[in-house]
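Since the structure comes first, as structure tokens, the remarks are kept for the end.
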Number of protein chains: 2
Amino acid sequence: MDTELLKGTLSLLILSLLSRQSMYGYEIASTVHRDTDGTFTWREGSLYPNLHKLEADGLIAGAWEEKETGRKRRYYRITKEGRAALKSKLQSWSELCAAVNRILEKSHGQA
Amino acid sequence: MDTELLKGTLSLLILSLLSRQSMYGYEIASTVHRDTDGTFTWREGSLYPNLHKLEADGLIAGAWEEKETGRKRRYYRITKEGRAALKSKLQSWSELCAAVNRILEKSHGQA
DNA sequence: GATAATACATAGGAATTCGATGTATTGGAT
DNA sequence: ATCCAATACATCGAATTCCTATGTATTATC
């Protein structure tokens, strides 16, 4: 399996969020923070380099947009390659969960 | 939450296995490999340094045992501190799963 | 007797994430 | 009107984790 996933929930969640709608960096971070009740609190030092890497890999595409207010944001959308990568990462994630839980269940009574 | 867990399923699973019975390194690796149908294939370069670290942190304790055959193995048992750490890691793991799945469900139909 | 499997170990490197720091704009409070 | 918090982007260096490669030695199998 893709061992990258052992650490890489960040890419998985970014791709998952963008598969629904385009978002900009700060929005992604605050959405994840809110929706997980603070379980995930990505710092800028984690988020932006990861976005740049995903873009360099062609999984997402960014474009600057200037609102009427003057605030500039970089909106990201998922690419075709990104959707394929997401599908594969979803598969890896569920395999990882299943494997871990299988071990845990054998040792304890719970999942 | 303990962000270490994003990557650290290794320590979690080692502690979980040892909470049932004492085991030696090679046995841990092959057990996990077998029980997860090959999803996890830890290499020596991952396993042994991790065992050493867990021992240095006082979460497990190792002792050499020489079988009648002459083969020497280092058996590890979980310590009291190890059990406390395991409890905390189990909690973190279930939080992580819940948080990830909550995001995934919002974006797709599945978990 | 040779080879594969068992059983341990470490060194070096690749990849990921965090902490710290920096710049600039916008909105609200005093 | 001015200050401060929040927004919005960015990068550098450090810490951590894990893998590849390599090494040693013993036991079992052919």
Side-chain angles (χ1 to χ4, degrees), chain A residues 1-15 22-34 38-57 59-60 62-76 89 92-93 96 100, chain B residues 1-15 22-34 39-57 59-60 62-76 89 92-93 96 99-100:
Chain A
M1 79 170 289
D2 152 346
T3 59
E4 184 201 349
L5 244 200
L6 298 173
K7 15 193 166 169
T9 49
L10 217 168
S11 314
L12 167 65
L13 293 184
I14 290 176
L15 289 175
S22 294
M23 294 174 99
Y24 56 95
Y26 199 88
E27 187 183 12
I28 293 174
S30 47
T31 300
V32 168
H33 182 77
R34 174 170 34 80
T39 300
F40 288 110
T41 310
W42 295 333
R43 314 314 319 233
E44 292 94 331
S46 313
L47 179 65
Y48 292 112
N50 207 301
L51 285 172
H52 298 163
K53 182 177 188 311
L54 289 174
E55 187 170 21
D57 291 345
L59 305 185
I60 63 178
W64 286 104
E65 281 187 34
E66 190 154 0
K67 290 285 147 190
E68 59 288 345
T69 63
R71 165 85 73 191
K72 286 174 89 176
R73 293 165 173 168
R74 190 161 176 83
Y75 278 84
Y76 290 98
K89 280 172 188 290
S92 293
W93 167 252
L96 172 70
V100 170
Chain B
M1 77 170 289
D2 151 351
T3 59
E4 184 201 349
L5 244 202
L6 299 173
K7 12 192 170 174
T9 48
L10 216 167
S11 313
L12 167 65
L13 294 184
I14 289 176
L15 289 175
S22 294
M23 294 174 99
Y24 56 95
Y26 199 89
E27 187 183 13
I28 293 175
S30 47
T31 300
V32 168
H33 183 76
R34 175 169 32 81
T39 300
F40 288 110
T41 310
W42 295 332
R43 314 314 317 234
E44 293 94 330
S46 314
L47 179 66
Y48 292 112
N50 206 300
L51 286 173
H52 299 163
K53 185 176 186 310
L54 288 174
E55 187 170 20
D57 291 345
L59 305 186
I60 63 177
W64 287 104
E65 282 187 33
E66 192 154 0
K67 290 285 146 188
E68 60 285 347
T69 63
R71 165 85 73 192
K72 285 174 88 174
R73 292 166 173 167
R74 190 161 177 83
Y75 278 83
Y76 290 98
K89 279 171 189 290
S92 293
W93 167 252
L96 171 70
V100 169

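Below, each value reflects all heavy atoms present in this structure, side chains not excepted, and no hydrogens, waters or symmetry copies. Naming: A, B, ... by sequence-line order, numbering from 1 per chain.
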Would you please confirm or rule out a distance under 4.0 Å between OP1 or OP2 of dA7(C) and any side-chain N or O of Y24(B)? yes
Nearest whole Å is fine: how far is dT17(D) C1' from E44(B) CD? 17 Å
Roughly, in whole Å, what's the span from OH in Y75(B) to C1' in dT6(C)? 12 Å
In whole Å, what is the span from the CH2 atom of W64(A) to the P atom of dA8(D)? 12 Å
Starting at atom CG of L10(B), determine the distance to atom P of dT16(C), rounded to an integer number of angstrom. 18 Å
Does a distance-only test, which skips hydrogens and angles, find a donor-acceptor pair under 3.5 Å between the side chain of R43(B) and the base of dT20(D)? no
Separation of dG19(C) atom P from W42(A) atom CH2, nearest Å, is 15 Å
Contact summary for G25(B) and L51(B), nearest pair of heavy atoms: CA-CD1, 3.8 Å
Send over the distance from K7(B) NZ to dT16(C) C1', rounded to a whole Å. 6 Å
d(CG, L51(B); C1', dC18(D)) in whole Å: 14 Å
side-chain N/O Y48(A) vs dA10(D) OP1/OP2, d < 4.0 Å: no
Quick check: do L96(A) and F40(B) have side-chain heavy atoms less than 4.5 Å from each other? yes
Pair E27(A) + R34(A), salt bridge at N-O below 4.0 Å: no
Check whether any side-chain heavy atom of Y75(B) lies under 4.5 Å from a side-chain heavy atom of E65(B), and answer yes or no. yes
What does E27(A) touch in the nucleic acid at a heavy-atom separation under 4.0 angstrom: a base, only the sugar-phosphate, or nothing? nothing
May I ask you to verify if any side-chain N or O of N50(B) is less than 4.0 angstrom from the OP1 or OP2 atom of dC18(D)? yes
Considering only heavy atoms and no angle criterion, is a donor-acceptor pair shorter than 3.5 Å present between the side chain of R71(A) and the base of dT7(D)? yes
Between dA10(D) atom C1' and L47(A) atom CG, what is the distance in whole Å? 11 Å
For DNA chain C, whose closest nucleotide is more 5', that of Y76(B) or that of T41(A)? Y76(B)
Does W42(B) offer a backbone N or O that forms a donor-acceptor pair with the side chain of H33(B) under 3.5 Å? no
Between H52(B) and dT10(C), does any side-chain N or O lie under 4.0 Å from OP1 or OP2? yes
With nearest nucleotides of DNA chain D determined for S46(A) and R73(A) from heavy-atom distances, which residue corresponds to the more 5′ nucleotide? R73(A)
Categorize G25(B) for me: base, sugar-phosphate, or nothing, with a 4.0 angstrom heavy-atom threshold over every strand shown. sugar-phosphate
